[in-house]
Every structure is written in C-alpha cells, then in structure tokens.
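Excluded from the calculations below are hydrogen atoms, water molecules and symmetry mates; all remaining heavy atoms, backbone and side chain alike, are included.
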Amino acid sequence: MKTITVQKLVDTFRLEVLAGEEHLGREIDRPRAHRPGLEFVGYFDFFPMNRVQVLGRKEINYLLTLSVEERKLHIGNIVKYHPPCFIVTSGQQEIPYLELYCEEEGIPLLRTEETATEFIAKLDGYLVKALAPEISIHGVCVNVSGIGILLRGKSGIGKSETAHTLIRRGHRFVADDIVVLKKLSPTTLLGTHNETTREFLALRSIGLINVVRQYGRRAFQDETRIVLDIELVPWQENALNNELETVPQFTEYLGVQIPHIEIQLQPGRDVAGLIEAAANNWYLKQLGYSAVDEFMKRIEGEMGV
C-alpha cells in the first residue's frame, strides 16, 4: 500500500506546524480527508480514524461552546484513535487546547489560511493522485486535442519520432520512454512522467531534447487521462487493412480497460495524422456519432431495406 508522510503535506501545502513537529514522519494511506463533526458529539460507529482530520469553523466554534471539561472529553475521544494529523482551516487562532492535547499524544496539528471547503477540495485531489496504485510501462504519452493517448511499440519503431511530429502540430507531450500510469478510479487511468524524464524526449540520431525549451510551455503537460492505447506495429502484407471497423479491442492496465488500436507502419504513411484521426473519431463516438453506422444507413437506403 502506498503512503506519504505528514511532512509531505506540510511541504506541499505550506502548512503551519502548531504541535507534534517531531512526529511529521507519520504516514497517511487513505486518499480522502474527514471532518469529525459527528465524532465530536459522540458518534463513532463509522469513524475513519486513518484519514487526515480537517477542522473547519463549524467544528472549532462547536468546541468553543463547550465547558472546559466537556471540551477535554470530546477532543480526548478523537485523539485516542491517533489519526495521522489534524489540520485547522481559515487560520483559526482560538485553539490552544487542541495544541495541548495533540502535543501530549504526539499527533501533528497543522494550520492553513484557506477555508475548509477550498482546502479539502485541493487536499483530496492531491491525496487521490499521490496514493493511487501505479505501474510504469515502456511507451510514450501524448495529449492530442485534449485526448490522452498512450503510444506503444517495440523499441526503435518510431514512437518518440511520432510524438515529436504531434508536438510540432500543436499537440502536447507528457512522457517518453517511461510512462507512469495511475489508477484514480475503476474507470480512470492517468498518464504522467517519472519526474526524472520530465520534459525530455529522446530522438534517435539527435539525442535528448527538452520539449519546453524548444517548443514552449504549451507543448508540455504534466499528466493526462488515458483514453486510447495505440500500438505501432510493422506492416503486415496479408492483413486486412481496409475494414470498415474492427471489433473493439481493449488493453487492461491496473484493472482499467482502455480502447486499443493498432497502426501498421509503412514508408510514407502519415502516422501522426492517423493518430489525430483516431483521437477525433474516439471523441465523436463519445458524442454518439459513428461514421460506420451512418454509412450503413446510406447503403440500406439505396438498397431499399
């Protein structure tokens, strides 16, 4: 199971550390934060104790209405479960009692100036990506007209060169050689780089190029949702290459099925153009349009069917 430390949250969101600084190495392994409203009134049946606990104005204001003894009891009931950390939002100041209990129990207490709603939205998005199951595969990842595509094929077949052509046509580069795939949901696969290769594209006979330095910031993006898996393969003389539409094929990564297309290579073929066509065709299908269906209707109309 993937984990990140509380220190990573502090660094990423520039959080103020109020207590438990020596315990910032505590690990987080759950992708969403929790606001302990019901728990403060004594209901613990479904308390997600392993999640980051976020305290907004409602939670803090409620605690301030309690007597000292009641406040100590309610906070103690939550602190004893030892969640990874507490984060107070909106820069709230009247929380010395929280600092005391967290210091005693060795739980980091952090603070942000952002509101609870704003901060939780950012935090959840970050945790989902940071803790998502992932694999690394050999390939190239590009974004063609807003559509994330994974290019695969044997080494030397021309994946990087094809990506370079797409970049020059105004599309965006994500990763070369090593593509990191992250499963964000049962149907969502994210493609990104491994940081080491960020912005670098390797071209045979040329060497490494920095895509951003050569083509500008718009030629690169950090990540994209993968919706097409395109494999570049050698030309097969006896293959049927003019079919109206093949039976849908899929490739599975981390349990997520991605539509799969093979593009056969031959001197003179505009591979980048075919990839653009595949991306546009996929988009039209999402809108409910099929060129094959329309063509068959015309044929049937001519035959009087």
Side-chain angles (χ1 to χ4, degrees), residues 125 129 136-182 184 187-233 235 241 245-246 249 251 253 256 258-292:
K129 291 180 182 178
S136 296
I137 66 167
H138 175 66
V140 175
C141 184
V142 290
N143 183 285
V144 177
S145 300
I147 296 169
I149 296 176
L150 180 63
L151 289 179
R152 295 188 298 111
K154 293 182 179 179
S155 181
I157 201 165
K159 300 182 297 297
S160 299
E161 290 81 358
T162 300
H164 182 252
T165 302
L166 289 167
I167 293 167
R168 296 195 62 188
R169 292 187 181 187
H171 304 296
R172 294 184 174 183
F173 168 70
V174 178
D176 181 38
D177 190 30
I178 299 174
V179 180
V180 178
L181 300 178
K182 296 187 176 187
L184 301 189
T187 59
T188 304
L189 197 67
L190 193 73
T192 185
H193 48 78
N194 69 347
E195 291 296 338
T196 302
T197 60
R198 186 177 189 270
E199 301 177 358
F200 288 119
L201 179 65
L203 299 174
R204 288 178 182 267
S205 303
I206 303 299
L208 281 178
I209 68 168
N210 186 302
V211 171
V212 172
R213 293 294 183 93
Q214 285 212 20
Y215 299 106
R217 176 55 54 187
R218 291 184 179 180
F220 172 81
Q221 67 183 60
D222 269 311
E223 57 193 28
T224 186
R225 180 187 175 189
I226 302 295
V227 299
L228 277 179
D229 175 70
I230 296 181
E231 185 176 4
L232 305 184
V233 299
W235 183 266
N241 297 309
E245 189 171 71
T246 59
Q249 301 292 320
T251 306
Y253 300 102
V256 181
I258 304 296
H260 171 78
I261 297 172
E262 279 191 2
I263 295 181
Q264 295 186 19
L265 304 183
Q266 191 179 50
R269 292 201 92 189
D270 181 9
V271 180
L274 292 174
I275 291 172
E276 289 175 323
N280 291 333
N281 203 40
W282 176 88
Y283 178 71
L284 288 174
K285 286 181 179 179
Q286 306 314 298
L287 298 179
Y289 173 78
S290 169
V292 172

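- Using a 4.5 Å cut-off on side-chain heavy atoms (C-beta onward), Ile149 and Leu166 make no contact.
- Lys154 has no carboxylate O lying under 4.0 Å from a charged side-chain N of Glu231, or vice versa, which leaves the two without a salt bridge.
- Side-chain contact between Ile261 and Trp282: absent, with no pair of heavy atoms (C-beta onward) separated by less than 4.5 Å.
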message: Show, in sequence, the C-alpha distance, side-chain angles and deciding distance for Glu199 and Arg213, and conclude whether the side-chain contact (heavy atoms from CB on, under 4.5 Å) test is met.
response: CA-CA 9 Å; Glu199 301 177 358; Arg213 293 294 183 93; 5.8 Å; no
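- Under a 4.0 Å N-O distance rule, the pair Lys129/Glu223 qualifies as a salt bridge.
- Arg169 CZ: more than 12 foreign heavy atoms inside a 6.0 Å radius.
- Contact check for Ile258 versus Leu150: no side-chain heavy atoms found under the 4.5 Å cut-off.
- Proximity of a side-chain donor or acceptor of Asn143 to a complementary backbone N or O of Arg172 within less than 3.5 Å is not detected.
- Looking at Thr165 and Glu161, their side chains never come closer than 4.5 Å, going by heavy atoms from C-beta outward.
- Shown here is Tyr253, whose OH atom has more than 12 heavy atoms of other residues, nucleotides or ligands within 6.0 Å.
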field: Full working for side-chain contact (heavy atoms from CB on, under 4.5 Å) between His164 and Tyr215
entry: CA-CA 10 Å; His164 182 252; Tyr215 299 106; 2.6 Å; yes
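- Using a 4.5 Å heavy-atom cutoff, the side chains of Ile226 and Val256 are not in contact.
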- request: In sequence, state the C-alpha distance, the side-chain angles, and the governing distance for Leu201 and Ile167, and then conclude on side-chain contact (heavy atoms from CB on, under 4.5 Å).
  value: CA-CA 11 Å; Leu201 179 65; Ile167 293 167; 4.0 Å; yes
task: Begin from the C-alpha positions of Arg204 and Ser155 and carry the test side chain to side chain donor-acceptor pair (under 3.5 Å) through to its verdict.
output: CA-CA 11 Å; Arg204 288 178 182 267; Ser155 181; 3.1 Å; yes
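- In this structure, Lys159 contributes its side chain and Leu232 its backbone to no donor-acceptor pair below 3.5 Å.
- Between Val174 and Gly191, the shortest heavy-atom distance links the atoms CG1-O, 3.7 Å.
- Residue Asp270 holds its CG atom at 7.5 Å from CD of Glu276, rounded to the nearest 0.5 Å.
- No side-chain heavy atom of Gln286 sits less than 4.5 Å from a side-chain heavy atom of Val227.
- Counting heavy atoms from C-beta outward, Arg152 and Glu262 have side chains that stay 4.5 Å or more apart.
- Two residues are said to be in side-chain contact when any heavy atoms from C-beta on lie closer than 4.5 Å; His193 and Asp222 meet this criterion.
- Atom CG of Leu228 is separated from atom CD1 of Ile147 by 7.0 Å, given to the nearest 0.5 angstrom.
- To the nearest 0.5 angstrom, Cys141 atom SG is 10.5 Å from Asp176 atom CG.
- One distance of note links CG of Leu208 with OG1 of Thr197; it measures 9.5 Å at 0.5 Å rounding.
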- request: Start with the C-alpha distance between Asn210 and Phe200, add both sets of side-chain angles, then the distance that settles side-chain contact (heavy atoms from CB on, under 4.5 Å), and finish with yes or no.
  value: CA-CA 5 Å; Asn210 186 302; Phe200 288 119; 4.0 Å; yes
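- Asn194 pairs with exactly one of Val180, Val179, Asp177 by the side-chain contact (heavy atoms from CB on, under 4.5 Å) rule, that one being Val180.
- In this structure, Leu265 CG and Thr162 OG1 are separated by 7.0 Å, a value rounded to the nearest 0.5 Å.
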